[in-house]
Peer 1: 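Have a look at this one.
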Amino acid sequence: MTSSKLRGRSRRTGPQVSARVVLAVLGGTTGFVWLVLPGMTTRTDAPVAITSPAASSPATAAPTEDGSSTADLVLPLVAVGAAGVLAGYGYVRRVRRARTRTTPGGPVLSPPPEEPGVPDDRARAALVAADDRVRAARDELGFSRELFGEETTAPFAGALREAERELAAAFRMRQRYDDGVPQDPAARRQALAGIVGRCAEAERRLDAAADGFRRLRGLEQGVGAALGVAEARFRELTGRTAAAAAVLGELRERYAATASATVTGYVEQAKDRLVFATVRLNQARQADDAGHREEAARQLRTAEGAVAQAAVLVEAVERTAGELREAAGLIPAVLTGAESALAPLRDAAGTGGEALAHVLHADAVLSSVRRELTSGRPYDPVGVLRRLVRALAPPDAARAGVLAAAARLTARSSTAAAAGFVATHRGAVGADARARLAEAHRLLTAGDSAEADALALEARSLAEQDVRVRGNPYTAAAPVPAAAHTAGTAGAVLGGIVPAEDPENAHPAGFTGRPGASEAPPAA
């Protein structure tokens, strides 16, 4: 009915506009003739000069018969003005109607149609969804490789590598987009579409291997062997978690608080993941004994995700301890190498300018570090190395030698710390932190340690900010009290192992995805 009314209105518009145009033309013509006609009929006699003052009296100012008085022009001017107003009104109405017309095929003058494109929020959501799935698939493959061996799982490792390449390309596009490349609006819309396309291709690679991977694991026929692998890894991690607690205590006593700040609370989080895994492993065994194969498979995959994250947390503590020892041993050599690196710069500093400023800053940092090392107070070895590298190694001086080794160590440490945090908090971490982390990995592989370190630190900062701002999604989304859920569910949701919307009936996405998950991530 609405369409027919619009069509009827459109058909009536033509005659109405035409009538207004005709009226305007007639009015204008009438006014013109009225103005011109008196001039054409005026007598051509010579005017008589005014010789008497009395001629300027009001009586003599009355209109004459020849129509030359100003009063004769009033009516024509009114007619012309009315005709112009009428014509203008008709034109404005016609333009407004054309702008709002919805009849198919009708002209649309304003506003211009929005060019098709992918919303930025959708591109971000696609990156997060694809990254979560690739990470879960990596965990799944680790358990399967332990059970079936490298050769049997090689095809699935290849599919995972292909998905990782597509995802890395998507993150690279995102980083360039955030850096303002490209600048053209149309090209930027195209870049967002490319990001979504790459993410979809990464998930498609996993989809293509999903059936084969499902047959390889055979969880629908029983989880016995796979359950044994998960339980063995669980027991190993239980012992390592206790050892990690002791290691973390030693780090706090030996070094400054900043040295172990990146792994503060990791032992507690590892224990929380293991508590969650304990419940799910028991449920998997019970379901398998009762013949509920699908339920057993789901519980096992969830337990595997929790065990894998516990391993990340424990390994982060162990790795940090090793990095601090390595950094502490490297500092004396870096101080010695610093003098060699500064020698040619001191010679060039005599002319002043940037060289002098660089030398003065480097000397100040060296003096500060020496005082810190000899004070007897705990210090942060990796932090000290980072300060030395930044102060002493301009771009052309950090390519080889001890300074380059120090730069690689600091970049490797910050990148690994950011990666561990994102992996164990991915339920709240957004696309920006993940993109910076991916770029840090790329630059570290390419040998650009300074930029890799800076981006890794930024990634960790953004990820922590996401967790602070968003909090644990489980606490806000849980439809029933937390007591009704498995112990450790809040940590599992924060870690992205299970979704906040349905933590009891879902499992990590991985090769086969989550039950009922849509193929394309929703636009945020």
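Given the structure is predicted, the values throughout are model-derived calculations rather than measurements.
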Peer 1: To the nearest 0.5 angstrom, please state how far the CG atom of L219 sits from the CZ atom of F213.
Peer 2: 8.5 Å
Peer 1: Tell me, do C199 and E203 make a side-chain contact under 4.5 Å, heavy atoms counted?
Peer 2: no
Peer 1: Determine whether more than 12 heavy atoms belonging to other residues, nucleotides or ligands lie under 6.0 Å from atom CZ of R172.
Peer 2: yes
Peer 1: Using side-chain contact (heavy atoms from CB on, under 4.5 Å), reason through L335 and L373 one step at a time and then give a plain yes or no.
Peer 2: CA-CA 11 Å; L335 289 172; L373 296 180; 3.8 Å; yes
Peer 1: Taking atom CD of E220 as the centre, report whether more than 12 heavy atoms of other residues, nucleotides or ligands fall under 6.0 Å from it.
Peer 2: yes
Peer 1: Without swapping roles, check the side chain of T152 against the backbone of G149 for a donor-acceptor pair under 3.5 Å.
Peer 2: no
Peer 1: With rounding to the nearest 0.5 angstrom, report the CZ to CG distance, R273 to L313.
Peer 2: 5.5 Å
Peer 1: Which pair of heavy atoms, one from T302 and one from I497, lies closest together, and at what distance?
Peer 2: O-CG2, 3.8 Å
Peer 1: Minimum heavy-atom separation for A123 and L192, please, with both atom names.
Peer 2: CB-CD2, 3.8 Å
Peer 1: With a 4.5 Å cut-off on side-chain heavy atoms, are V422 and R460 touching?
Peer 2: no
Peer 1: Shortest non-hydrogen contact from T489 to P503?
Peer 2: CG2-CB, 3.7 Å
Peer 1: Between the side chains of K271 and E268, is the shortest nitrogen-to-carboxylate-oxygen separation below 4.0 Å, so that they form an ion pair?
Peer 2: no
Peer 1: Quick test of your reading: applying ring pair (Phe, Tyr, Trp, His ring centres under 6.0 Å), list the pairs with at least one residue in residues 435-455, sequence neighbours left out, ordered by first then second residue.
Peer 2: none
Peer 1: Going by an N to O cut-off under 4.0 Å, is there a salt bridge joining E201 and R198?
Peer 2: no
Peer 1: Report yes or no: does D179 contribute a side-chain atom to a donor-acceptor pair with the main-chain N or O of V181 at less than 3.5 Å?
Peer 2: no
Peer 1: Between D432 and R124, is there a side-chain N and carboxylate O pair less than 4.0 Å apart?
Peer 2: yes
Peer 1: Report the distance from atom CG of L167 to atom CZ of F171, rounding to the nearest 0.5 Å.
Peer 2: 4.5 Å
Peer 1: Distance alone, cut at 3.5 Å: any donor-acceptor contact between the side chains of S413 and E323?
Peer 2: yes
Peer 1: Considering only heavy atoms from C-beta outward, does the side chain of Q299 approach that of H507 to under 4.5 Å?
Peer 2: no
Peer 1: Does any non-hydrogen side-chain atom of L127 lie less than 4.5 Å from one of D131?
Peer 2: no
Peer 1: Any chance the side chains of E504 and T486 put a donor and an acceptor closer than 3.5 Å?
Peer 2: yes
Peer 1: Under 4.0 Å between a side-chain nitrogen and a carboxylate oxygen: does that hold for D453 and R412?
Peer 2: no
Peer 1: Hey, what do you get for CD (E140) to CZ (R145), rounding to the nearest 0.5 Å?
Peer 2: 12.5 Å
Peer 1: Relative to F511, does R214 satisfy both conditions: NZ or CZ under 6.0 angstrom from the six-membered ring centre, and within 45 degrees of the ring's axis?
Peer 2: no
Peer 1: Test side-chain contact (heavy atoms from CB on, under 4.5 Å) on L437 and L455; report intermediate values, then the result.
Peer 2: CA-CA 7 Å; L437 175 60; L455 275 171; over 6 Å; no
Peer 1: Distance-only, no hydrogens or angles: does the D466 side chain make a donor-acceptor pair with backbone N or O of G430 under 3.5 Å?
Peer 2: yes
Peer 1: Between R285 and E231, does the salt bridge (Lys or Arg N to Asp or Glu O under 4.0 Å) criterion hold? Intermediate values first, please.
Peer 2: CA-CA 11 Å; R285 184 167 294 283; E231 288 175 337; 2.9 Å; yes
Peer 1: Could you tell me whether the side chain of S368 and the main chain of A364 form a donor-acceptor pair under 3.5 Å?
Peer 2: no
Peer 1: Show the numbers, then the answer: is there a salt bridge (Lys or Arg N to Asp or Glu O under 4.0 Å) between R135 and D139?
Peer 2: CA-CA 6 Å; R135 290 174 182 275; D139 293 339; over 6 Å; no
Peer 1: Whether the S461 and R436 side chains hold a donor-acceptor pair (N or O, under 3.5 Å, no angle test) is what I'd like checked.
Peer 2: no
Peer 1: Using a strict cut-off of less than 4.0 Å between a Lys/Arg side-chain nitrogen and an Asp/Glu carboxylate oxygen, indicate whether R387 and E372 qualify as a salt bridge.
Peer 2: yes
Peer 1: Salt bridge check, R205 against E162: does any charged N sit closer than 4.0 Å to a carboxylate O?
Peer 2: yes
Peer 1: In terms of side-chain geometry, is the basic nitrogen of R280 or E304 positioned less than 4.0 Å from the acidic oxygen of its partner?
Peer 2: no
Peer 1: On the six-membered ring of Y177, is R188 placed so that its NZ or CZ lies under 6.0 angstrom from the centre and within 45° of the ring axis?
Peer 2: yes
Peer 1: Enter the distance from Y266:OH to T320:OG1 here, rounded to the nearest 0.5 Å.
Peer 2: 8.0 Å
Peer 1: Do L330 and V402 pass the side-chain contact (heavy atoms from CB on, under 4.5 Å) test, and can you show the C-alpha distance, the side-chain angles, and the key distance before you say yes or no?
Peer 2: CA-CA 8 Å; L330 195 58; V402 68; 3.9 Å; yes
Peer 1: About how many Å separate CZ of R133 and CG of L160, when rounded to the nearest 0.5 Å?
Peer 2: 11.0 Å
Peer 1: Report the C-alpha separation of R325 and E318 in whole Å, then their side-chain angles, then the decisive distance to 0.1 Å, and conclude whether the salt bridge (Lys or Arg N to Asp or Glu O under 4.0 Å) test is met.
Peer 2: CA-CA 11 Å; R325 286 193 298 269; E318 297 170 344; over 6 Å; no
Peer 1: Salt bridge or not for R174 and D178, using N-O below 4.0 Å?
Peer 2: yes
Peer 1: Side chains of R138 and L141: closer than 4.5 Å at any heavy-atom pair?
Peer 2: no
Peer 1: If you compare all heavy atoms of A431 against all heavy atoms of V128, which two are closest, and at what distance to 0.1 Å?
Peer 2: N-CG2, 3.7 Å
Peer 1: Please tell me if the side chains of N505 and R298 come closer than 4.5 Å, counting only heavy atoms from C-beta onward.
Peer 2: yes
Peer 1: Pair E295, Q286 - check side-chain contact (heavy atoms from CB on, under 4.5 Å), show working.
Peer 2: CA-CA 10 Å; E295 170 70 9; Q286 292 170 5; over 6 Å; no
Peer 1: Looking only at non-hydrogen atoms, find the nearest pair between A163 and V134 and report the distance.
Peer 2: CB-CG2, 4.2 Å
Peer 1: Considering only NZ, NE, NH1 and NH2 on the basic side and carboxylate oxygens on the acidic side, decide whether E451 and R390 come within less than 4.0 Å.
Peer 2: no
Peer 1: When you compare the side chain of H358 with that of H361, does any pair of heavy atoms fall below 4.5 Å?
Peer 2: no
Peer 1: For a quick test of reading the model, state the closest non-hydrogen atom pair linking P182 to A191 and the distance between them.
Peer 2: CD-CB, 4.3 Å
Peer 1: Using a 6.0 Å cut-off, check whether atom CD of E294 has over 12 heavy atoms from anything other than its own residue.
Peer 2: no
Peer 1: With a 4.5 Å cut-off on side-chain heavy atoms, are R468 and Q465 touching?
Peer 2: yes
